[in-house]
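By convention in this document, chain letters (A, B, ...) are assigned in the order of the sequence lines, proteins followed by strands, and residues within each chain are numbered from 1. Scope of the values below: all heavy atoms of this structure, side chains included, with no hydrogens, waters or symmetry mates.
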Amino acid sequence: MEKKKVVLGVIGSDCHAVGNKILDYSLTDAGFEVINIGVLSPQEDFINAAIETNADAILVSSLYGHGEIDCRGMREKCEEAGLKDILLYVGGNIVVGKQDWNEVKQRFLDMGFDRVYPPGTPVEEGIRDLKEDLNITE
Amino acid sequence: MEKKKVVLGVIGSDCHAVGNKILDYSLTDAGFEVINIGVLSPQEDFINAAIETNADAILVSSLYGHGEIDCRGMREKCEEAGLKDILLYVGGNIVVGKQDWNEVKQRFLDMGFDRVYPPGTPVEEGIRDLKEDLNITE
Amino acid sequence: MNLRNKRLSDEEFFKLREEVLASWPTGKDVDLQEAVDYLKKVPEEKNFAKKLRKAKEEGITLAQPRAGVALIDKHIELLNHLSKEGGADLLPSTIDSYTRQNRYEECEVGIEESIKAGRSLLNGFPAVNHGVKGCREVFESVDKPLQARHGTPDSRLLAEIIHAGGWTSNEGGGISYNIPYAKSVSIEKSLYDWQYCDRLVGFYEENGIEINREPFGPLTGTLVPPSTSNAVAIIEALLAAEQGVKSITVGYGQCGNLIQDVAAVRALEEQTEEYLKKYGYNDCVVTTVFHQWMGGFPADESKAFGVISYGAATAALAGATKVIVKTPHEAIGIPTKEANAAGIKATKMTLNMLEGQRMAMSKELELEISIIKAETNCMLDKLFELGKGDLAIGTVKGIEMGVIDIPFGPSKYNYGKMLPARDNQGAVRYLMTGNIPFTKDLIDFNRERLEERAKFENREVGFQMTVDDIFAVGKGKLIGRPEGK
Amino acid sequence: MNLRNKRLSDEEFFKLREEVLASWPTGKDVDLQEAVDYLKKVPEEKNFAKKLRKAKEEGITLAQPRAGVALIDKHIELLNHLSKEGGADLLPSTIDSYTRQNRYEECEVGIEESIKAGRSLLNGFPAVNHGVKGCREVFESVDKPLQARHGTPDSRLLAEIIHAGGWTSNEGGGISYNIPYAKSVSIEKSLYDWQYCDRLVGFYEENGIEINREPFGPLTGTLVPPSTSNAVAIIEALLAAEQGVKSITVGYGQCGNLIQDVAAVRALEEQTEEYLKKYGYNDCVVTTVFHQWMGGFPADESKAFGVISYGAATAALAGATKVIVKTPHEAIGIPTKEANAAGIKATKMTLNMLEGQRMAMSKELELEISIIKAETNCMLDKLFELGKGDLAIGTVKGIEMGVIDIPFGPSKYNYGKMLPARDNQGAVRYLMTGNIPFTKDLIDFNRERLEERAKFENREVGFQMTVDDIFAVGKGKLIGRPEGK
Ligand code: B12
Ligand code: B12
């Protein structure tokens with residue numbers, strides 16, 4: 001079976017690289033083809049990479065707290081670019097400070113993300129969800 | 001001027017001796033005559049000592065948490081023994097656990113204590129109050 | 001009562017036992033043979049002595065909280081929280097203060113009032129009143145070994161009930177549970193009563209049940225110089241061994257100077273083993289327990305976490321077999337189960353980060369160890385001399401004469417002329433030795449260290465230092481210096 | 001741009017300066033002469049350089065938090081809370097991440113949205129947007145020295161504004177604020193831009209104003225071996241000194257093995273002083289900063305307190321001049337002011353208990369110091385060789401070639417072939433050295449230590465160890481061992 005493709009990156013002015021490298025390693029290990037655009041990536045870079053590679057999902061990391069500003073309008077931009085219904089995940093430390101998680105999650109769901117992950121989510125959880133959402137059976 | 005007399009002790013089955021020794025030392029230093037009945041002292045010992053020495057005040061310490069049980073009825077026993085309106089102070093860690101201080105204080109005021117001190121009260125505070133209540137001017 | 005350091009004869013023991021069991025109604029439910037059968041079925045991981053031995057072999061430090069409330073169900077809830085949420089490795093049952101004074105009637109009042117008030121009015125678990133049945137209910141509802149922690153000069157009935165209840169460790173000793181905890185119990189009496197407790201453990205050992213005993217290391221918890229508490233621990237270890245105890249955990253309460261604290265634990269372990277060997281007790285397993293700071297705590301919870309974690313780090317670096325954990329509520333009152341678990345978590349995190357790390361040997365550490373050992377020997381030698389070779393007799397005489405002198409001990413049998421204070425690095429030294437038979441060299445060493453501080457602080461060596469040191473940690477410092485120093 | 005390790009000429013500096021100040025409207029408010037006058041009036045106790053020097057002389061460790069929010073009034077409130085309630089000795093202003101990338105328009109958005117939302121949407125204080133006036137308002141509203149802490153490859157405008165604003169310290173450097181923080185800024189460019197920042201400080205020094213500079217020690221905060229971060233700190237110290245900087249604080253991020261951490265700080269201080277002397281910078285005051293654990297934290301707040309306090313204890317035992325404090329919210333998000341103060345209080349309590357105590361010299365400590373120094377020398381010697389004596393040129397070439405190689409650095413200018421992992425005592429070693437020019441002895445030493453762990457864990461030395469170690473502290477352990485080890 002052909003490998004599913006995922007675009008991976010850290011959005012905005014965010015330089016946190018460690019989680020990104022781990023996600024790359026683990027997703028590859030789990031059988032995905034990973035297009036890693038790395039840290040400090042604007043929305044456009046995610047979208048362009050997804051178009052170029054015809055990706056199945058975009059995994060956005062935001063660690064540094066500006067996630068709320070950086071992720072705004074991303075779903076709309078995807079649609080505009082013709083990425084209809086592409087899977088959109090976001091995770092990391094996506095807002096500033098310790099906030100009520102349910103509220104935070106809702107804010108990002110409202111922005112059009114399919115799945116939203118709290119701080120410290122194990123990679124395995126993301127991989128499990130991806131397999132489910134992309135109908136991958138081992 | 002004659003020295004004012006205070007009876008000092010730790011009530012009930014309480015063995016905490018350090019604060020008691022410090023109070024003894026500091027009160028003596030501040031010009032009081034201290035009758036120290038020490039740790040592990042029942043109500044009766046405080047009252048007998050006060051009667052024998054014709055004391056002006058009784059300072060009860062309770063550190064170990066059973067203060068609430070141990071102090072009950074003390075004012076009444078004083079009255080019965082003829083110690084009318086003797087000053088009655090209590091301090092230390094007078095209840096079990098971290099409780100709302102205002103409630104705790106009220107409970108002991110209701111028992112008839114004139115002053116009630118929270119954990120870690122500096123000795124100086126007790127001395128200042130004693131001087132005020134006993135009209136001692138330096 | 002004819003106190004000697006000699007194993008109680010079966011005759012004497014069983015005669016005493018009748019009295020003991022008759023002293024409160026729950027005593028009659030203790031059946032030694034049935035208890036042996038019960039304890040034989042206790043799984044390995046719930047036996048205190050076995051878990052300690054394993055930790056010693058693996059070189060890890062276990063964490064144990066203090067905890068106890070009046071009612072059985074609440075106590076079980078508490079212990080399970082500390083085990084599961086807190087991650088405690090060993091569980092305690094702290095016994096309330098009425099039980100410690102054998103005032104079981106007052107415990108009944110406390111139990112009733114606690115039911116009424118919906119909160120514990122007792123500062124611990126009244127194990128005697130709850131009896132063997134209650135103790136077993138607790139034991140069977142938890143997943144870790146259980147120990148009674150108290151402060152009871154006469155804990156004979158308590159010991160009978162808890163061991164029959166499945167609790168495989170008992171803290172205390174004839175000195176360490178007398179002088180800090182009592183006012184007018186003679187040393188002769190408390191040593192004798194603790195021989196009974198030790199003999200009971202010896203009896204179980206002879207019947208194939210390993211039970212741990214732990215002299216209470218920190219004593220008054222307030223500026224106790226290491227050699228004083230080490231001497232007491234070694235005495236109690238020797239007395240316990242004579243009664244047949246095989247698993248002994250000697251303890252020490254943090255003083256705050258890291259090198260001195262590590263030295264104290266190392267000296268304690270080595271000297272306990274040496275003395276046991278010397279007096280012919282060759283099959284004891286000696287482990288150590290380090291108590292996080294036992295004196296007055298800062299009221300601020302974040303600061304308390306600092307004290308707790310520093311204590312945990314010291315325990316790890318010393319290589320103690322277990323550490324007794326304080327909580328962020330320490331300065332105020334008995335902790336909630338959440339605050340208690342918080343203390344354990346901070347402790348375990350620190351232990352985990354230091355796992356396998358030990359303080360390396362240095363000139364400074366070597367010196368501290370040698371000083372502590374020399375001081376300890378001075379006291380112990382004198383006791384043996386006074387007792388003409390009998391340590392029990394020597395101890396009674398020695399404490400009366402101030403050969404061992406515990407600072408701030410409330411007991412009238414304590415000599416009370418020794419005064420401690422911190423030196424310029426925070427190590428606890430002897431400011432006044434009273435009647436402790438130190439050599440001139442040792443007295444000079446202590447004095448010099450204190451003079452160094454006095455010079456730095458520009459004041460005289462004296463009692464004011466002791467007073468300032470008592471309050472220092474509560475105010476956020478180790479050493480009680482004058483303002484602006 | 002013609003990068004050499006040579007003091008920028010006044011001509012070059014003032015020409016660059018025009019561009020820099022023109023790059024955002026607030027730049028025009030910086031008037032150097034007026035700033036000198038303003039800074040002359042700053043009282044001694046609010047000058048960063050002076051306070052550090054005093055602490056070094058007294059042998060104490062100061063505590064400094066990280067903190068910054070979008071709006072001036074809220075930022076002032078935050079800093080005062082940390083100073084008064086927390087007891088911070090030195091104050092920071094952490095700069096937001098848009099400013100770090102010179103994206104001041106986005107800062108404007110962040111400021112506006114923060115006003116609307118009633119909470120900070122920026123992860124720091126946008127000092128450039130608030131300008132000299134805003135920075136002075138902050139400075140005049142607090143009672144301690146202020147420092148900018150950020151992660152800005154090109155921080156020239158920021159430096160102009162904060163120093164003119166009365167802030168007497170700036171963190172960063174051409175390597176340490178590039179490789180961990182940027183993706184595509186060349187080393188040549190960032191070294192050049194930081195020469196500007198250093199030259200600005202040199203200018204102030206020449207005008208009688210002491211200003212402190214601090215290379216960012218921890219780099220990526222993730223398993224950086226001591227010699228790698230020490231080498232970077234020494235390079236940045238030398239480059240700063242050439243531009244006229246006199247007060248230099250070299251930094252190190254806790255790795256977690258106590259002996260290695262103490263050795264790292266000692267080696268860092270000694271070697272920085274040696275190299276400065278060797279290259280003719282004789283009047284610099286070198287101080288040290290120790291960062292509490294900079295990698296992934298445990299989410300549980302009690303465990304976080306354990307990590308924080310252990311870090312504080314290490315800083316004290318190492319004798320660092322200051323310690324940068326983490327908070328119990330670390331794993332989740334920017335801390336509230338209360339959580340931040342809590343971290344400081346736990347830290348200060350620990351420092352106070354250890355005041356005056358240092359780790360004693362031992363065989364083990366001596367060995368670690370000598371290994372770190374030898375490794376550091378290998379890297380630095382090679383850079384001087386590559387630059388034919390010019391450290392700036394050598395650094396650009398050396399980083400390109402992997403002579404210095406920072407683990408997990410996001411920059412494409414980082415070589416990225418080095419891999420670290422912990423040994424069996426938790427010390428961070430080189431698993432793969434890539435192109436780092438170590439001697440065979442040093443490579444063997446690192447390897448042997450890792451093999452020891454591999455044997456204990458019954459697996460091969462390899463990348464899985466690195467991965468496990470990255471997650472370990474977050475999961476409550478120092479070393480990422482396989483289950484059941
Ligand atoms: C040292 C200590 C011990 C030592 C005591 C040695 C000795 N014989 O003195 C040992 C280890 C033996 C011990 C034992 C126990 N302790 Co204790 N102990 C402490 C500790 C750590 C310090 C007490 C101290 O010496 N402080 C220094 C002195 C100078 O201060 P002080 O005692 O507070 O007294 C000053 C002020 O309070 C004030 N003051 C006191 N009384 C009065 C009265 C008046 C009128 C005024 C004006 C002022 C005043 O002035 C004093 C001098 O400055 C406290 C916690 C803490 N404070 O940090 C716990 C603490 C008091 N102990 C406690 C408990 C429960 C016990 C035990 C039951 C064991 C247990 N369950 O853990 C046993 C008690 C046994 C018994 N029968 O009493 C609890 C009490 C809990 C509660 N009230 O809810 C505390 C608060 C710890 C805790 N949080 O759990 N303890
Ligand atoms: C190491 C670190 C740094 C290093 C980063 C080095 C580097 N280049 O990578 C340095 C020191 C440089 C740094 C800098 C900063 N940091 Co930082 N940093 C951390 C720290 C301690 C660990 C991050 C880490 O590497 N974790 C280990 C990796 C493996 O885990 P991870 O990143 O969480 O990623 C995993 C999961 O989250 C998940 N995941 C991540 N993304 C996604 C996406 C999807 C779809 C899924 C399914 C899963 C998933 O999988 C990953 C792999 O397991 C965290 C706090 C913490 N976590 O303890 C703060 C933290 C992330 N940093 C923070 C901040 C604010 C900063 C700074 C702005 C400085 C400051 N103000 O203090 C700068 C940022 C500069 C910039 N431009 O970005 C904040 C963010 C605050 C917030 N969100 O409210 C944190 C949370 C600390 C804090 N509490 O203040 N930091």
Side-chain angles (χ1 to χ4, degrees), chain C residues 86-87 254 256-260 293 298 300-314 316-317 328 338-339 341-367 424-427 456 472-473 475-479 481, chain D residues 86-87 254 256-260 293 298 300-314 316-317 328 338-339 341-367 424-427 456 472-473 475-479 481:
Chain C
Q254 179 179 25
N257 172 286
L258 182 60
I259 290 186
Q260 185 179 47
W293 176 246
D300 180 274
E301 297 194 13
S302 305
K303 291 185 187 168
F305 273 117
V307 179
I308 289 167
S309 308
Y310 175 39
T314 308
L317 290 168
E338 291 77 18
I344 307 171
K345 286 191 278 185
T347 298
K348 293 256 313 186
M349 186 73 214
T350 309
L351 293 175
N352 287 348
M353 290 195 77
L354 279 154
E355 194 175 306
Q357 299 187 44
R358 292 283 177 278
M359 182 182 280
M361 188 48 74
S362 60
K363 273 205 328 285
E364 290 81 350
L365 180 55
E366 216 173 301
L367 175 68
N424 213 33
Q425 275 72 48
F456 179 82
V473 174
K475 290 182 177 169
K477 302 259 179 180
L478 182 65
I479 308 174
R481 306 214 191 261
Chain D
Q254 179 179 26
N257 173 286
L258 182 61
I259 290 186
Q260 184 179 47
W293 175 244
D300 180 275
E301 297 194 13
S302 305
K303 291 185 187 168
F305 274 117
V307 179
I308 288 168
S309 308
Y310 175 40
T314 308
L317 290 168
E338 291 77 17
I344 307 171
K345 286 190 278 185
T347 298
K348 293 256 313 185
M349 185 75 216
T350 309
L351 293 175
N352 287 348
M353 290 195 77
L354 279 154
E355 195 176 306
Q357 299 186 46
R358 293 282 177 279
M359 183 182 279
M361 188 49 74
S362 60
K363 274 206 326 287
E364 291 80 351
L365 180 56
E366 215 174 303
L367 174 68
N424 214 31
Q425 275 72 47
F456 180 81
V473 175
K475 290 181 176 169
K477 301 258 179 183
L478 182 64
I479 309 173
R481 307 217 192 259

For C/R358, side chain to side chain donor-acceptor pair (under 3.5 Å) partners two or more places apart: none

Interface moiety of [X] toward chain D, non-hydrogen atoms closer than 4.5 Å:
X: C/N424; value: neither
X: C/Q425; value: both
X: C/P298; value: side chain

Considering all heavy atoms, the nearest C/S309-D/G306 contact: OG-CA, 3.6 Å

Contact summary for C/F305 and D/S302, nearest pair of heavy atoms: CZ-OG, 3.9 Å

Interatomic distance, D/K477 atom NZ to C/L351 atom CG [nearest 0.5 angstrom]: 10.0 Å

From CD (D/E364) to OG (C/S362), nearest 0.5 Å: 9.5 Å

Criterion side chain to side chain contact (heavy atoms under 4.5 Å, CB included) against D/L258, the qualifying member of C/M359, C/M353, C/Q357: C/Q357

For chain C, the option from D/N257, D/I259, D/T350, D/V307 that forms the most heavy-atom pairs under 4.5 Å: D/N257

Option that, when pairs with chain C are counted at under 4.5 Å, heavy atom only, ranks first among D/G356, D/G476, D/A313: D/G476

Contacting region of D/L317 [heavy-atom separation from chain C under 4.5 Å]: side chain

Heavy-atom contact with chain C under 4.5 Å, split by part of D/I344: neither

Test item: D/M349 and C/V473 side chains (from C-beta on) under 4.5 Å apart, heavy atoms: yes

